[in-house]
Amino acid sequence: MATAPWFVISPNALLSAIGLLRGPDKTVPTPAEDWRTAVVDVVIPAYRETENLPHCLASLARQTVKPRHIIVVDDGSGDDTAGLAERSAVKLGLKITVIRRASSIGKTPTIKRQAREFDADVEFILDGDTFLESTTYIERCVQELYQGVGIASACGTILPMRLSDRRKLAETPEFAPLLADGDWHDPMEKRGRMHLMWWGLTNMYRDCLYRFLQGFVYHGQMVFFGGITNPVGCAVAYRRKYIKNLFDHYEPLLGDDLTTSEDIFIGFALNNEGYRNIQLNDVIARSEEPEATRLPRQVFLWSSSFLQSCFYFDDLMRSPFKAFRRFAKRMHEKKASEQKRIREMRKIQEPYRQAFGEEVTKKYGRPIGWVIFMGAVEKLGFPTTLIIMLLMQWWEPLWVTVAVEVLLSLLILGVVSPGSRLKSMGKGLLITPLRYFLMVAELYTIGVFTVHLWITRNRKWRK
């Protein structure tokens, strides 16, 4: 998930605020295909996930839509990841295929290879450190994928995994076979106090960030553009044929060196072709977050991947500069009776329908490109502004800017957290220093990206 500063005075944030009031498009699409007939394969990329795989697999056993295949890819873990997956699957009554790799090659090649080697309609990617809290998670994602031919990916709401969430899953009937012989105990429970403290700090930060991004920013994108910039990659359903075509197109140019976060690249690439990435608010998955000491590294990977994708999809990011050309084209089409007749004859009706193809993006851009462009401006502009104010000792403008930003952010966080508004606002206030530290650290990410782009020419960006 790409992180961004909570700069709520930006145009992106304004769209999101209007979106909270406006609500989603109520146009009922005509499904292009029947989602009930879709064949689903689940791919679980796993690297040293002995702590999480039992929960991950147990959550699949609880799903209302059962996958045809479950493929666990042990990416050169060097521990008991593969063996634990096989033993857990036997106890849970799941049929799985375990692929063992001698050395790690990353998550991106895993998604690419499974899209080519299997013939499912839906390739569901579930990280080994994630479990599906909602029993209808796969069902809802697949159902949403088939609401229109332009929808390429669907994911639910992702929240941090806590000990209480793990215990709740362990109490379900589906998890019981793993406890039957009494030789399994949750290793997370054995973590020392210091590790739990760092993990708890990260969970607090991520909980606030995810609620803000998914409940406010992404919601605004869904309302206005019918999709989001990229799916949250730890639990996402893809139309397999779209992913296969995507890699067939980019592999000759880039190989496996795409970006440092595969979901951001894939999301941008799908938008570049005119497809949409959908997020659902009614299903939840829980993902383990790194301890706070590892947080800067993860934020660096996400932020650098956003910048790398902006570089790859320059035409998409420059969509705002093509807005007049797109407006003129739309006005011309309204006057053309033939175009009107074709639209009326179209059998597949869906909201947010747009022409497919990279050439369309090069000429006219895409509406979602506004979000990407403003995201790039925010990533550079806000921390730079704070540092300039600090260096120039403009104390009053600095404190006013920070105070207004924090206040508005906390208010919005409260609005998008029904049932725990005050608690969420309190956590948001507590993690504000960490948030600002990571925000200013974006300048380091931008500096490294710049060096790689123009000086060292090191563009082996890969996950």
Side-chain angles (χ1 to χ4, degrees), residues 1-2 40-50 52-53 56 67-79 81-82 85-86 96-130 152-153 155 230-273 275 277 287 290 297-298 300-302 304-309 311-313 452 458-463:
M1 178 183 298
V40 182
D41 283 350
V42 173
V43 179
I44 304 177
Y47 180 74
R48 297 181 179 177
E49 293 296 351
T50 55
N52 293 306
L53 269 177
C56 178
R68 178 188 65 175
H69 287 153
I70 300 174
I71 304 102
V72 177
V73 182
D74 179 4
D75 194 32
S77 297
D79 61 5
T81 292
E86 291 173 333
I96 70 168
T97 299
V98 177
I99 299 174
R100 291 173 168 85
R101 293 192 178 134
S103 59
S104 176
I105 64 174
K107 183 178 176 180
T108 301
T110 296
I111 298 175
K112 176 185 67 177
R113 291 184 182 185
Q114 304 317 312
R116 290 171 174 168
E117 294 174 4
F118 291 86
D119 61 353
D121 300 308
V122 176
E123 182 178 6
F124 189 93
I125 305 299
L126 178 62
D127 283 0
D129 61 358
T130 304
S153 75
C155 64
N230 59 273
V232 185
C234 55
V236 54
Y238 293 106
R239 292 292 294 266
R240 187 194 62 83
K241 61 181 180 181
Y242 295 161
I243 296 300
K244 179 182 179 299
N245 293 339
L246 183 154
F247 282 110
D248 288 346
H249 175 71
Y250 287 104
E251 185 176 49
L253 303 173
L254 305 171
D256 289 331
D257 299 326
L258 306 179
T259 63
T260 53
S261 187
E262 85 297 330
D263 52 331
I264 298 178
F265 178 90
I266 291 174
F268 276 49
L270 292 173
N271 280 315
N272 195 57
E273 288 291 329
Y275 298 120
N277 307 297
S287 183
R297 173 63 178 168
Q298 190 181 61
F300 170 81
L301 293 176
W302 285 347
S304 61
S305 181
F306 174 82
L307 296 172
Q308 292 154 9
S309 297
F311 168 71
Y312 283 140
F313 302 102
H452 287 177
N458 177 21
R459 298 176 189 171
K460 292 186 178 299
W461 302 322
R462 184 175 182 179
K463 181 176 181 182

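Counting heavy atoms from C-beta on, the side chains of V98 and I96 come closer than 4.5 Å. Between E123 and F118 there is no side-chain heavy-atom pair separated by less than 4.5 Å. Here the side chains of L307 and F311 are not in contact, with every heavy-atom distance at 4.5 Å or above. Looking only at side-chain heavy atoms (C-beta outward), P45 and I125 come within less than 4.5 Å of each other. Side-chain contact between V122 and D41 is absent, with no heavy-atom pair separated by less than 4.5 Å. At least one side-chain heavy atom of I266 sits less than 4.5 Å from a side-chain heavy atom of F247. Using a 4.5 Å heavy-atom cutoff, the side chains of V43 and T110 are in contact.
The backbone N or O of I105 lies less than 3.5 Å from a partner atom in the side chain of R462, making a donor-acceptor pair. Judged by distance alone, with hydrogens and angles left aside, the side-chain atoms of N272 form no donor-acceptor pair with the main-chain N or O of F268 at under 3.5 Å. Between the side chain of T108 and the backbone N or O of K463, at least one donor-acceptor pair lies under 3.5 Å.
Between E117 and K112, none of the side-chain N atoms (NZ, or NE/NH1/NH2) sits under 4.0 Å from a carboxylate O, so this pair counts as no salt bridge. Between R101 and D75, at least one side-chain nitrogen of the basic residue sits less than 4.0 Å from a carboxylate oxygen of the acidic one, meeting the salt-bridge criterion. Ion pairing between a basic and an acidic side chain is recognised when a charged N comes within 4.0 Å of a carboxylate O; E251 and R116 show such pairing.
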Next on the checklist: Using side-chain contact (heavy atoms from CB on, under 4.5 Å), reason through I44 and L53 one step at a time and then give a plain yes or no.
Outcome noted: CA-CA 9 Å; I44 304 177; L53 269 177; 4.2 Å; yes
Item to check | Residue pair W461, L301: steps toward the side-chain contact (heavy atoms from CB on, under 4.5 Å) verdict | outcome: CA-CA 10 Å; W461 302 322; L301 293 176; over 6 Å; no
Checklist entry - Given the rule in the side-chain contact (heavy atoms from CB on, under 4.5 Å) test, do L246 and Y238 qualify, once you have shown the distances and angles that lead to the verdict? => result CA-CA 12 Å; L246 183 154; Y238 293 106; over 6 Å; no
Next on the checklist: Go through it in stages, so that I can follow the logic: the residues are V236 and F124, the test is side-chain contact (heavy atoms from CB on, under 4.5 Å), and I'd like the CA-CA distance, side-chain angles, deciding distance and then a yes or no.
Outcome noted: CA-CA 6 Å; V236 54; F124 189 93; over 6 Å; no
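Between atom CG of residue L126 and atom CD1 of residue I70 there is a gap of 9.5 Å, rounded to the nearest 0.5 Å. Distance check, rounded to the nearest 0.5 Å: OG1 of T260 to CZ of F300 gives 7.0 Å. In this structure, NE2 in H452 is found 5.0 Å from CG in N458, a value given to the nearest 0.5 Å. The CG atom of D263 sits 8.5 Å away from atom CH2 of W302, with the distance rounded to the nearest 0.5 Å.
Between Y250 and F313, the gap from one ring centroid to the other is short of 6.0 Å. A distance below 6.0 Å separates the ring centres of Y242 and Y275.
Looking at every heavy atom in both residues, G106 comes nearest to P109 through O-CD, 3.5 Å. For L254 against Y312, the heavy-atom pair with the smallest separation is CD2-CE2, 3.7 Å. The minimum heavy-atom distance between A85 and V72, with the atom names listed, is CB-CG1, 4.1 Å. Closest non-hydrogen pair, S305 versus S261, comes out as OG-O, 3.1 Å.
Applying the side-chain contact (heavy atoms from CB on, under 4.5 Å) test to D129 and every residue at least two apart in sequence or in another chain returns E49, N52, D127, S287, E288. The side-chain hydrogen bond (donor to acceptor under 3.5 Å, both in side chains) test applied to D119 returns R68, not counting sequence neighbours. Remark: D74 pairs with S77, T81, A82 by the side-chain contact (heavy atoms from CB on, under 4.5 Å) rule, at least two apart or across chains.
A side chain to side chain contact (heavy atoms under 4.5 Å, CB included) with I111 is found for one member of R113, Q114, K107 and no other, namely K107.
Side-chain contact annotation: S309 with T259, donor-acceptor N/O pair under 3.5 Å absent. Donor-acceptor pairing under 3.5 Å is recorded for the side chains of N277 and S153.
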